[in-house]
Protein chains: 2
Amino acid sequence: MAIASQEVSPARFSAQLRSHALQTRIMDLILERGLDVGDAMPTESELSAELGVGRNTVRESLKVLQALGVIEIRHGFGMFVAPNNFSALVSGLTFRGRLSLRHKGEEAMELIDVRQALESGLIGSAIDLLTDEHLADLRATMEAMEAAAKNGEHLYVHDAEFHRRLYAPLNNELLINLMDVFWQVYRKIHQALGTGPVNLEQQTQDHWDIYEAVANKDKALASERLQRHFDGIRLKLKDVAAS
Amino acid sequence: MAIASQEVSPARFSAQLRSHALQTRIMDLILERGLDVGDAMPTESELSAELGVGRNTVRESLKVLQALGVIEIRHGFGMFVAPNNFSALVSGLTFRGRLSLRHKGEEAMELIDVRQALESGLIGSAIDLLTDEHLADLRATMEAMEAAAKNGEHLYVHDAEFHRRLYAPLNNELLINLMDVFWQVYRKIHQALGTGPVNLEQQTQDHWDIYEAVANKDKALASERLQRHFDGIRLKLKDVAAS
DNA sequence: TTCTAGACATTGGATGTCCCATCTCCTGTA
DNA sequence: TACAGGAGATGGGACATCCAATGTCTAGAA
């Protein structure tokens, strides 16, 4: 006879498990077939037939895999195993940040904290591996930033480029991607809040200071200046959130 | 009753942009309505009507949002704004890692690098904020780990718990979530490779060493022992990948 | 009062249809 | 021969409409 189950219904997640299982099956299929980045996937119909589920169901999973950066979908042509691409995380994290800003902006601050920890913690290793070539790239970025500042243009592109190149010596794509995601999320949140007045010269000078410390291979100074850079960002965010 | 007569823009917009736009519209709708974590979302049909797209299309976007951890879908009941939850990232990153292991396992190594940078870089701040209560929690975890090791059980749970509690003082949920994701991805990759022989005692001792340094508030020592801990993990991974 | 069975709302999934984006290749013209 | 343009094939995008599965809630029975 049926006993009233004391168990907190585990079936509450059963549906998610099934759709998650389908995603996993598709990923396993890629691995089993030895497909590599850029290779073509089976068509939606083929997958639908092969996996024994409807095409709509397959599509839902495929969209998720696309969002996770696993595959790339090209309308009218086909689907392909995607190169590393975390851009999809941006929207999710941005949403989180904006949601949190309605309270006290905690999560947005947490984001800055993580960026700060990652960047100031890794700058030492990056300086160790820095070559003249990397330094020249960095300098070129700074000059472009300065030129943009003089023209009154936004520094977004150059700012992102600077931070990306700063850690290029580490040769860690995952790290670069992660940092890029965090940077973009910060930018989007900042945009959504409405940008206050920006001091382009100050911003450029901050980056020059960091560049200088890096060029002199002064790890401690570089780390400290990065810390201060982020302190400034944090303050600005707090200002905007309070208004 | 179809309100579909709304003529859309000339089909200049790429498909990805359109589906991404739909996801954004749903997220904006949440923000506009002031929904908070745990609140119920409109039903699929309502969204379909409101956004002027078919229910299947809405569902694809909803699944993506679920995968990004934005919403939680409960079969037969409804959809809700989800609490922070990065577990979905795990599958995507795991896939990346396994894909890379077919070549030289670079990405899996990069993952360890990022973990190492994050953890050894942040241990100092964590020690600054460490309270007796946190320390007691940490000790409890270690004792549980030791007990498990004596019984020959896997240490997975306790290992993860240890690293989670180590950084609890920072009070940064995003960070905890990220570390958890990385930890799980590492574990899954390791599992997929087939675990070699594991030395439970050694593993436990490593963690005790770290605990000791933390308990003594010796930041430098803690950071160094964490570094060595990850060096060990990296070596183990290299061994398995080479075979 | 307590427990159970069923109604209901809502998501899960399948199928069929049509639309439209992209690529390939063939043909016609210079 | 070389190149431009268009027709057709391929394949994803969107939608309507079923029915199934499942969690919740309530009415009714013990």
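Chain identifiers are assigned alphabetically (A, B, ...) following the order of the sequence lines, protein sequences preceding nucleic acid strands; residue numbering begins at 1 within each chain. Note: hydrogens, waters and symmetry copies are ignored here, and every other heavy atom, side chains too, is used. On a predicted model such as this, the values are computed, not experimentally measured, just so you know.
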Figure out the [atom1]/[atom2] separation between [X] and [N], and round it to whole Å.
X       : N      : atom1 : atom2 : answer
A:Met79 : C:dC23 : CE    : P     : 16 Å
A:Lys63 : D:dC15 : NZ    : C1'   : 13 Å
B:Ile73 : D:dT24 : CD1   : P     : 16 Å
B:Phe77 : D:dC25 : CZ    : C1'   : 10 Å
A:Glu60 : D:dC15 : CD    : C1'   : 13 Å
B:Arg59 : D:dA20 : CZ    : P     : 16 Å
B:His20 : D:dG13 : NE2   : C1'   : 17 Å
B:Glu44 : D:dA21 : CD    : C1'   : 13 Å

Open item on the list: Would you call the rings of A:Tyr186 and A:His190 parallel, tilted or perpendicular, taking 30° and 60° as the class edges?
Closed with: tilted
Could you list the residues that satisfy salt bridge (charged side-chain N to carboxylate O under 4.0 Å, His left out) with [X], not counting sequence neighbours?
X        : answer
B:Asp137 : none
A:Arg98  : B:Asp28
B:Glu153 : none
B:Glu143 : B:Arg139

Task: Neighbours of DNA chain D within residues 22-34 of chain A, by heavy-atom distance under 4.0 Å - done: none
TODO: Identify, with sequence neighbours excluded, every residue that meets side-chain contact (heavy atoms from CB on, under 4.5 Å) alongside A:Ala168.
DONE: A:His134
Open item on the list: For D:dG11 and A:Arg74 - does any side-chain N or O of the residue sit under 4.0 Å from the phosphate oxygens OP1/OP2?
Closed with: no
Open item on the list: Let me spell it out: for each of A:Gly76 and B:Ser45, pick the nucleotide of DNA chain C with the closest heavy atom. Which residue's pick is nearer the 5' end?
Closed with: B:Ser45
Task: N/O donor-acceptor pair under 3.5 Å between B:Arg115 side chain and B:Met179 backbone - done: no
Open item on the list: Does anything in residues 42-54 of chain B form a salt bridge (charged side-chain N to carboxylate O under 4.0 Å, His left out)? List the pairs, not counting sequence neighbours.
Closed with: B:Arg33-B:Glu50, B:Glu44-B:Arg55, B:Glu44-B:Arg59
- [ ] Any salt bridge (charged side-chain N to carboxylate O under 4.0 Å, His left out) involving residues 173-190 of chain B? Give me the pairs, sequence neighbours left out, ordered by first then second residue.
- [x] B:Arg164-B:Asp180
Task: Minimum-distance nucleotide (side-chain atoms of A:Thr43 versus C:dG12, D:dG11, D:dG13) - done: D:dG11
Each nucleotide N or O in nucleotides 14-19 of chain C that has a protein N or O under 3.5 Å away: list the pair and distance.
from: C:dA14; atom 1: OP2; to: A:Gly54; atom 2: N; distance (Å): 2.8
from: C:dA14; atom 1: OP2; to: A:Thr57; atom 2: OG1; distance (Å): 2.3
from: C:dT15; atom 1: O4; to: A:Asn56; atom 2: ND2; distance (Å): 2.5

